Every structure is written in C-alpha cells, then in structure tokens.
Colleague: 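Dumping the structure here so I can ask a few things about it.
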Amino acid sequence: SSFVQIISLLLGPENGLKSDFIDRVKAQIEKKAGEKPELHTYYPFKTECQELVSVLRNTSLFSRHRLVILNQAHEIKKKADVELICEYCKSPADDATFIMVSDNYQIDRRLSAQVPKNNRQVFWELFENKKRDWINNYFKKAGFTIDKEAVELLLELVENDTQDLKRECERLALYLAGEPRVTEEKVEEVIFHSKAENVFTLFNSMVTGDL
C-alpha cells in the first residue's frame, strides 16, 4: 500500500476544528488514492467494538482505503472493548485510517497510549478574539464584508464552537446572497428573529391550510 498507516486521537470541545482536521485527512487520502476513502462513523452506544475492528481489518471491495471514525471514544470503558481496540492499534491495517474522537480532554489511558504522541491533539475552545478572526475570515472568503457590531452580535447569539458558528454563518451568507455587507441588523433579523421549523411546529398551519 502507498499509505502510511494513521491512528489519531482528537480531544476537546472545539468540534469545528476537529471536523476541519478530519476533512484534511479525507483530502489527503483522496489525493494519494485517487478516490475518496470509504467512510465509517461509529458511536460506542450504537456499535459493538468487534464490528468496528472488523471493518478496520477487512479490506474493502469498493475502495482502496477506509477511514474509520470512533466518536465519543471516552465511552469505551469495558475491559474487553479496550483490549480489542488496543490489540488492533498494535498491529493496524495499512489500508485503513482510524481516528478516535472525544469532546473530553482524555480517554482511557490504555487507548491513548496506543496513539503516537504526535497524532494526539487537543482542540481547546477558542478565545473570543480567535472566534472574531474566524468569523471575519469566513465572510471574507465568502465575498462579504462584516461590520464589527455584527461580529459581536454573532458571538453573543452563538456561544458554542466554530461548528455552530459555521452553521449560522452559512445561513447568513445564503440569506444575504448578492449583498456585499453583513450588518448588525441583518444578523438580528436572520439569527435572533428566526427559528427552525419542522412538521411538528408547522402542524396547525398545515392542517388549516395556512400557507
């Protein structure tokens, strides 16, 4: 195989930056393989560890490389599960990339010990000034200018990580398509005075035919 086997551990609450990291890994694999990797995403409460390791071990008929992501890895606590994953990490497949992800700052030490030190990363929550830079860069790349007051209101209304910020900035960019500037008023109009609707919140209007 032309791939260097990778086992990574991504820790911490900044899910947006962790998602960016995984996207870069996908792109790297695609560049080397000439095709997208076969993606498998698992959660401890939904998946048996035997299934996860089986996917890591068994060569795919449909793709040259597999990317296997284990979310909430801190939930892996049973001795048998820990030992199973540790055993795989000691002798990993060369056509699979395995990434363990957790919102916590640590997982079972036996698991983290199997990950090369350089492949362990903690994604801390961004300070306010870094979030400001992130918002400004997002809209600059999207072709907008954004007022300082609009940035501050966004930070006030969206308190979580850059994953949540990205979702709200995408809504703004879509709403403001064709307009060059993001103002405080537009942020208030789109983010503060709007809400997500679904079949349940719209039920009464649907029944009465109130479009």
Side-chain angles (χ1 to χ4, degrees), residues 3-4 6-41 43 63-73 97-105 118-198:
F3 290 97
V4 176
I6 297 174
I7 297 176
S8 296
L9 174 60
L10 312 181
L11 300 170
E14 225 313 311
N15 290 313
L17 295 183
K18 283 188 285 187
S19 179
D20 291 344
F21 177 93
I22 292 172
D23 286 342
R24 289 194 297 271
V25 170
K26 290 177 186 175
Q28 182 184 36
I29 294 172
E30 184 175 358
K31 183 177 179 180
K32 290 183 178 180
E35 63 181 20
K36 292 181 180 180
E38 185 176 280
L39 179 62
H40 299 268
T41 304
Y43 291 85
S63 180
R64 290 184 60 201
H65 200 85
R66 299 175 307 289
L67 174 57
V68 179
I69 300 170
L70 173 62
N71 289 297
Q72 302 304 319
T97 295
F98 180 38
I99 302 178
M100 290 184 280
V101 183
S102 173
D103 293 340
N104 290 2
Y105 292 112
N118 290 339
N119 289 1
R120 304 177 212 161
Q121 293 194 48
V122 178
F123 294 83
W124 308 93
E125 184 177 355
L126 294 184
F127 291 116
E128 291 297 294
N129 63 319
K130 292 292 184 182
K131 288 183 181 179
R132 288 187 187 93
D133 291 342
W134 189 96
I135 293 170
N136 281 309
N137 288 334
Y138 178 92
F139 283 106
K140 184 178 180 181
K141 290 178 182 177
F144 295 88
T145 58
I146 181 167
D147 294 352
K148 181 179 178 181
E149 294 78 12
V151 173
E152 295 304 319
L153 183 56
L154 259 174
L155 288 174
E156 183 181 329
L157 296 177
V158 187
E159 297 181 356
N160 294 321
D161 58 35
T162 55
Q163 195 169 52
D164 296 310
L165 273 176
K166 182 179 181 181
R167 182 171 56 249
E168 298 303 336
C169 288
E170 285 174 345
R171 285 179 60 200
L172 267 169
L174 184 64
Y175 182 80
L176 297 173
E179 298 185 33
R181 182 175 160 215
V182 183
T183 64
E184 183 180 18
E185 291 74 25
K186 291 298 182 184
V187 171
E188 186 173 7
E189 184 179 334
V190 177
I191 307 300
F192 187 69
H193 289 303
S194 64
K195 63 177 181 176
E197 300 285 3
N198 56 48

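The first residue of the sequence shown is numbered 1, and numbering continues consecutively from there. Remember, it's a predicted structure, so these values are computed and weren't measured experimentally. Heavy-atom basis, side chains included; hydrogens, waters and symmetry copies ignored.
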Colleague: Quick one: do D147 and K186 make a salt bridge, cutoff under 4.0 Å?
Modeller: no
Colleague: Could you tell me the separation between the CD1 atom of I146 and the CG atom of N136, rounded to the nearest 0.5 Å?
Modeller: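 Between I146 CD1 and N136 CG, I get 6.5 Å after rounding to 0.5 Å.
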Colleague: Taking only Lys NZ, Arg NE, NH1 and NH2, and the carboxylate oxygens of Asp or Glu, determine whether E170 and R167 approach each other closer than 4.0 Å.
Modeller: no
Colleague: Quick one: pull up NE2 in H65 and CD1 in I6 and give me the separation to the nearest 0.5 Å.
Modeller: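 Separation between the atoms: 6.5 Å.
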Colleague: Say you draw a straight line from CD1 of I69 to OG1 of T41; how long is it, rounded to the nearest 0.5 Å?
Modeller: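 Atom-to-atom, I69:CD1 and T41:OG1 are 4.5 Å apart.
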Colleague: Considering only NZ, NE, NH1 and NH2 on the basic side and carboxylate oxygens on the acidic side, decide whether E152 and R132 come within less than 4.0 Å.
Modeller: yes
Colleague: Does one side chain, of K140 or N137, offer a donor that lies under 3.5 Å from an acceptor on the other?
Modeller: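 No pair is found: no donor N or O on one side chain lies under 3.5 Å from an acceptor on the other.
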Colleague: What is the minimum heavy-atom distance between P37 and I29, and which atoms define it?
Modeller: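 Reported closest heavy-atom pair: CB-CG2, 3.7 Å.
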Colleague: Could you state the interatomic distance from CG (L157) to CD (E188), rounded to the nearest 0.5 Å?
Modeller: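 Between atom CG of L157 and atom CD of E188 there are 8.0 Å.
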Colleague: In Å and rounded to the nearest 0.5 Å, what is the CD1 to NZ distance from I99 to K26?
Modeller: 9.0 Å
Colleague: Answer whether the closest heavy-atom distance between the side chains of L172 and L154 falls below 4.5 Å.
Modeller: yes
Colleague: Heavy atoms, side chains only, cut-off 4.5 Å: are L17 and L126 in contact?
Modeller: yes
Colleague: With sequence neighbours excluded, tell me which residues meet side-chain contact (heavy atoms from CB on, under 4.5 Å) with T145.
Modeller: R181
Colleague: So does Y105 have more than 12 non-hydrogen atoms from other groups sitting under 6.0 Å from OH?
Modeller: yes
Colleague: I need the I135 CD1 to L155 CG distance, nearest 0.5 Å.
Modeller: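 With rounding to 0.5 Å, CD1 (I135) is 4.0 Å from CG (L155).
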Colleague: For F139 and C169, work out which heavy atoms get closest and say how close.
Modeller: CE1-SG, 3.6 Å
Colleague: Determine yes or no for a side-chain-to-main-chain donor-acceptor pair under 3.5 angstrom, with E35 supplying the side chain and S63 the backbone.
Modeller: no
Colleague: E38: which residues meet the salt bridge (charged side-chain N to carboxylate O under 4.0 Å, His left out) condition with it, sequence neighbours left out?
Modeller: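 Result, salt bridge (charged side-chain N to carboxylate O under 4.0 Å, His left out) vs E38: none returned.
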Colleague: Looking only at non-hydrogen atoms, find the nearest pair between W134 and K166 and report the distance.
Modeller: CH2-CA, 3.4 Å
Colleague: Less than 4.5 Å apart, side chain to side chain, heavy atoms only: is that true for K18 and D103?
Modeller: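 The answer is yes; the side chains approach within 4.5 Å.
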Colleague: Between E179 and F144, what is the shortest heavy-atom contact and its length?
Modeller: O-CE2, 2.9 Å
Colleague: In terms of side-chain geometry, is the basic nitrogen of E125 or K131 positioned less than 4.0 Å from the acidic oxygen of its partner?
Modeller: yes
Colleague: Decide yes or no for D23 and S19: does some side-chain heavy atom of the first lie under 4.5 Å from some side-chain heavy atom of the second?
Modeller: yes
Colleague: Provide the closest heavy-atom pair for N104 versus S102 in the form atom of the first, atom of the second, distance.
Modeller: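 Taking every non-hydrogen atom into account, N-OG, 3.0 Å.
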